[in-house]
Number of protein chains: 2
Amino acid sequence: MADDARTRLTRTAQELFAARGVSATSPRDVLTASGVGQGSLYHHFPTKHDLTLAAVGATVDEALTSAMHTLASDAPALERIVAYLGKPRDALAGCRVGRLTSDQAVMDDDGVHAVVGIYFTRLLDAVRRVLVEDGLADDVARDRAHTVVAVVQGGYVLARATGDPEALRAAVRGMTALLTTTDREASAA
Amino acid sequence: MADDARTRLTRTAQELFAARGVSATSPRDVLTASGVGQGSLYHHFPTKHDLTLAAVGATVDEALTSAMHTLASDAPALERIVAYLGKPRDALAGCRVGRLTSDQAVMDDDGVHAVVGIYFTRLLDAVRRVLVEDGLADDVARDRAHTVVAVVQGGYVLARATGDPEALRAAVRGMTALLTTTDREASAA
DNA sequence: GTCTATATGGGGATAGAC
DNA sequence: GTCTATCCCCATATAGAC
C-alpha cells in the first residue's frame, strides 16, 4: 500500500511544502500535483490542518532519522559533530523543517507548531549528549549544542538571502574551525 | 512631513510585515491598520510590490544602521563582535529581515529579494572587517563572519521553533564562549 | 472512497467621481 | 490625493450522487 491516495497526497504535500512553504501551497495545488481527485483529498484529510500535520510529521520523522544516524555513528564524538555540520545540504532550498518557523500557516497551528518544536528539541538534545561525551560540562554542552544547530539554520538563511549556497558552507567551515581549534587547546590542557 | 499618508502606510506595513510576514499581510490589512483610505493606498503604491519594496527597504535601512553602530564603536574589535552577538533581541518575533528569507512573497519578487540580499552582504562584510582588524587572516575572517551572523539568525529559528527565547541566548552564549576562548589561545601564542 | 458541482470570503486590484 | 463602488480569481471547503 505504498501508493494509495493517502500516501500520494502526503508525499506530494511534503514536496510542495519543501518547495514553497505551507501557506503558499493550497489543497488544490496538492490535488493537481498528486493526480488524486478532490473528493479523495477531502475524504482523507477533511481540513488543511490534517494534511499539514501528516506531511510535516512525516518530514520531521525523516529529518530526525537522518540527523540521528549521523550523530550516533561509531566515530569519535567531535567527528560526529563535524560530520553533522558538514552534511550535504541543499542550501538554496532552505531547511525543510527550519523554514516552517516563519511560515504563518505553521505558527498559527498549535499542533503543527508543536511538531516542529519537537524536532529541534530532540536534535538539540542529541547534539548536547555528543558534546558531553566529548568531555564538556553539561551547561557548556547545552549552549554549544544550540550554537552548532543555529549555525546550520542560520547558514540556510544566509544562503537564501544572498542567493549563494557558499554562504552556508562558509558558516559551517567557520564553526568547524572554531571547534577543532578549541579541541586542540583542550587536549593540550 | 512625518506623518502624511505615504509615511503612515510604509510604517504600518513595516509593523505588519514584522508581525506576520509579507505573504500573510494584505494591502487591505495595511489600510485598516493605518487608517488611510483605499484610494490613498493605491495612489501611493499602485501594487503590493511597491508597498513591499518601500517597507522592506526602510526596515533594512534601520536594521543596517543599528548593526553598524554596534560594529563601529571604539571598543576593541573582539568586544564589538561580542556586543553584536549579545544585542537585545526579540527572539520569538524573529529577525525582521532574516524571516523574509522564507516568505514566498519576498522570494518571488526579485527587487525585494535583492534588498534582503544586500542587507546580509553588507552585514557580513562589516563583521568580516572587524575580525580582520582583530588579526584574523582574510579567508578565516570571511568564514567566521558567516558563522557569527548565522548563529544569530539560527538562534531566532530555534527560539521560534521551540517557543523559548532562551534558545537564542544559549546559541549566542555558546558562540561567545568559543570566540573568547580562541582569543585567549591566540594571545598566548 | 471517489466524483462533480457549488458556496463563501478574502486577495489584489481597477473605475470614475470629488 | 482621496473616496466609494465594483471586479475577478483563488483558497478552502461543503453537498450529495455514484
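Values below: every heavy atom of this structure, side chains too, minus hydrogens, waters and symmetry copies. Lettering of chains follows the sequences in order, A, B, ..., and the numbering in each one begins at 1.
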Starting at atom [atom1] of [X], determine the distance to atom [atom2] of [N], rounded to an integer number of angstrom.
X        : N      : atom1 : atom2 : answer
A:Arg8   : C:dT2  : CZ    : C1'   : 12 Å
A:Tyr42  : C:dG1  : OH    : C1'   : 16 Å
A:Leu41  : C:dT4  : CG    : P     : 14 Å
A:Leu31  : C:dC3  : CG    : P     : 9 Å
B:Phe45  : C:dT14 : CZ    : P     : 16 Å
A:Leu16  : D:dA11 : CG    : P     : 12 Å
A:Leu51  : D:dA13 : CG    : P     : 10 Å
B:Gln104 : D:dA11 : CD    : C1'   : 16 Å

If we count only N and O atoms by modelled type, under 3.5 Å, do the side chains of A:Thr7 and A:Asp4 hold a donor and an acceptor together?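 Yes, side-chain donor-acceptor contact under 3.5 Å.
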
Any side-chain donor-acceptor pair under 3.5 Å between B:Thr32 and B:Asp29?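 Absent: no donor and acceptor within the cut-off.
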
Just compare [options] and give me whichever is closest to any side-chain atom of [X].
X       : options               : answer
B:His44 : C:dG12, D:dG1, D:dT12 : D:dG1
B:Ala5  : D:dT12, D:dT14, D:dT2 : D:dT2
B:Gln38 : D:dA5, C:dC3, D:dG1   : D:dA5

Taking atom types as they are modelled, would you say the side chain of B:Arg28 forms a donor-acceptor pair with the base of C:dG12 within the 3.5 Å cutoff?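 Yes, a donor-acceptor pair under 3.5 Å.
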
Run through A:Arg80, A:Met175, A:Arg173 and flag the one making a side-chain contact (heavy atoms from CB on, under 4.5 Å) with A:Leu85.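 Testing A:Leu85 for a side-chain contact (heavy atoms from CB on, under 4.5 Å) against A:Arg80, A:Met175, A:Arg173 leaves exactly one candidate, A:Met175.
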
Would you find a donor on one side and an acceptor on the other, under 3.5 Å apart, between the side chain of A:Lys48 and the backbone of A:Ala105? no

